[in-house]
Structures are given as structure tokens and as C-alpha cells.
Amino acid sequence: MALVRVDLAFYLIDEAPDVIGTMPVTKANKLAEFGLSAVKEASAPVRKAGERFMIRLFELHPKVVRKAMPPDNPQTRKANLNYKHLYDEFIKMENEQ
């Protein structure tokens, strides 16, 4: 069920990014919290879908995603490899812009 929810949310922001912020549940900060909960999920497919969701949301609202993420420090990167992957991807995307 969790994988379906993440995939549905990804589809929503990928196909209709203008829907972000139109309802309380689609505010960028709520979506970032949702994506972060998926990244912390026990199931590997849900974590990967959560990473993909957070990267897409970062393309649209980088400041909101950065604010929702825990601080970027060595302890956080070591404690959760998914965070490390996300931080590396965010830095790569910022450097490309």
C-alpha cells in the first residue's frame, strides 16, 4: 500500500506540478514530510520510490525539501544511506543549475 501511495503522489507532482499548494494536503511542506516518511520506510522499494519522489519535489521546491530534511552532516549521512544519496543528488542538481 505504501508503494502505491508514493507512486501516486509522484505521478501527481510529475504530471500536474501546478496542483502543489492548491489544497492543504498538497502544500509543498506536507509533500516533503510525506516523501521523507517514505525514505525512512522499512521496505526497500518504498524507500527507492521515496527517494525518487523527493528528488522530483526538490526540482520544484528546493528550499522546502531542504528544510524538511535533517541537517546535512557526516552523522546523518552515515546513519541513513538514503539521506546520503539524496544529499548527493541535491548537490549535483544545484551544481548543474
Side-chain angles (χ1 to χ4, degrees):
M1 252 344 234
L3 183 58
V4 171
R5 280 185 242 153
V6 175
D7 284 341
L8 184 60
F10 180 83
Y11 177 79
L12 178 73
I13 66 169
D14 195 42
E15 295 296 321
D18 55 328
V19 79
I20 296 174
T22 59
M23 297 175 280
V25 74
T26 63
K27 290 189 183 233
N29 62 335
K30 294 288 186 187
L31 290 172
E33 290 173 13
F34 169 76
L36 197 55
S37 69
V39 171
K40 295 177 190 176
E41 187 69 35
S43 171
V46 176
R47 285 194 309 266
K48 289 298 176 188
E51 284 181 23
R52 190 172 52 118
F53 177 81
M54 290 296 281
I55 290 169
R56 179 64 179 128
L57 189 59
F58 184 81
E59 292 172 359
L60 302 170
H61 297 282
K63 290 180 183 178
V64 174
V65 173
R66 283 278 190 185
K67 189 174 179 181
M69 293 286 292
D72 185 5
N73 57 42
Q75 293 85 9
T76 305
R77 285 175 173 255
K78 188 175 182 180
N80 190 328
L81 292 178
N82 298 14
Y83 290 158
K84 178 188 179 310
H85 179 258
L86 284 173
Y87 291 133
D88 292 343
E89 202 59 39
F90 295 162
I91 290 169
K92 182 176 133 186
M93 291 167 63
E94 288 172 340
N95 289 336
E96 288 175 357
Q97 292 175 350

*Asks:* Would Arg52 and Asp7 satisfy salt bridge (charged side-chain N to carboxylate O under 4.0 Å, His left out), going step by step from the backbone distance to the final call?
*Replies:* CA-CA 9 Å; Arg52 190 172 52 118; Asp7 284 341; 2.9 Å; yes
*Asks:* If every non-hydrogen atom of Ala38 is compared with every non-hydrogen atom of Gly50, which pair is closest and at what distance?
*Replies:*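 Answer, listing the atom of Ala38 first, then Gly50: CB-CA, 3.8 Å.
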*Asks:* In the hydrophobic clustering that connects Ile, Leu, Val, Met, Phe, Trp and Tyr at side-chain heavy-atom distances below 4.5 Å, which members other than Val65 occupy its cluster, ordered by chain and number?
*Replies:*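 For the cluster that includes Val65, the remaining residues are Leu3, Val6, Phe10, Ile13, Ile20, Leu31, Phe34, Leu36, Val39, Val46, Phe53, Met54, Ile55, Leu57, Phe58, Leu60, Met69, Tyr83, Leu86, Tyr87, Phe90, Met93.
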*Asks:* To the nearest 0.5 Å, what is the distance between CZ on Arg5 and OG on Ser37?
*Replies:*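 It comes to 9.0 Å.
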*Asks:* Do Arg66 and Glu94 sit within salt-bridge range, that is, some charged N less than 4.0 Å from a carboxylate O?
*Replies:*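 Result for this pair is yes, salt bridge flagged.
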*Asks:* Residues in side-chain hydrogen bond (donor to acceptor under 3.5 Å, both in side chains) with Asp88, at least two apart?
*Replies:*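 If we apply the side-chain hydrogen bond (donor to acceptor under 3.5 Å, both in side chains) test to Asp88, skipping adjacent residues, the hits are Arg77, Lys84.
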*Asks:* Please name the pair of heavy atoms, one in Thr76 and one in Pro71, separated by the smallest distance, quoted to 0.1 Å.
*Replies:*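 Heavy-atom minimum between the residues: OG1-O, 3.1 Å.
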*Asks:* Measure the spacing between CG of Asn80 and NE2 of His85 and express it to the nearest 0.5 Å.
*Replies:*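 Separation between the atoms: 12.0 Å.
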*Asks:* Among all residues two or more places apart in sequence or in another chain, which pass the salt bridge (charged side-chain N to carboxylate O under 4.0 Å, His left out) test with Glu33?
*Replies:*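 With sequence neighbours excluded, Glu33 shows a salt bridge (charged side-chain N to carboxylate O under 4.0 Å, His left out) to no residue whatsoever.
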*Asks:* Among Ile, Leu, Val, Met, Phe, Trp and Tyr joined by side-chain contacts under 4.5 Å, find the other residues sharing a cluster with Val64 and list them by chain and number.
*Replies:*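 Noted: Val64 shares its cluster with no other residue.
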*Asks:* Please enumerate all residues that pass side-chain hydrogen bond (donor to acceptor under 3.5 Å, both in side chains) together with Glu89, with sequence neighbours excluded.
*Replies:*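 Not a single residue meets the side-chain hydrogen bond (donor to acceptor under 3.5 Å, both in side chains) criterion with Glu89.
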*Asks:* If you compare all heavy atoms of Lys30 against all heavy atoms of Pro24, which two are closest, and at what distance to 0.1 Å?
*Replies:*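 Taking every non-hydrogen atom into account, CG-O, 3.7 Å.
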*Asks:* Tell me, do Lys48 and Glu51 make a side-chain contact under 4.5 Å, heavy atoms counted?
*Replies:*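 A side-chain contact under 4.5 Å exists here.
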*Asks:* Please name the pair of heavy atoms, one in Ala42 and one in Arg47, separated by the smallest distance, quoted to 0.1 Å.
*Replies:*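 Closest pair (atom of Ala42, atom of Arg47, distance): O-NH1, 2.6 Å.
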*Asks:* Report the distance from atom CD1 of Ile91 to atom CD of Glu96, rounding to the nearest 0.5 Å.
*Replies:*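 The CD atom of Glu96 is 12.5 Å from CD1 of Ile91, to the nearest 0.5 Å.
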*Asks:* Can you list everything that forms a side chain to side chain contact (heavy atoms under 4.5 Å, CB included) with Lys78? Sequence neighbours excluded, please.
*Replies:*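 Lys78 satisfies side chain to side chain contact (heavy atoms under 4.5 Å, CB included) with no residue once adjacent residues are dropped.
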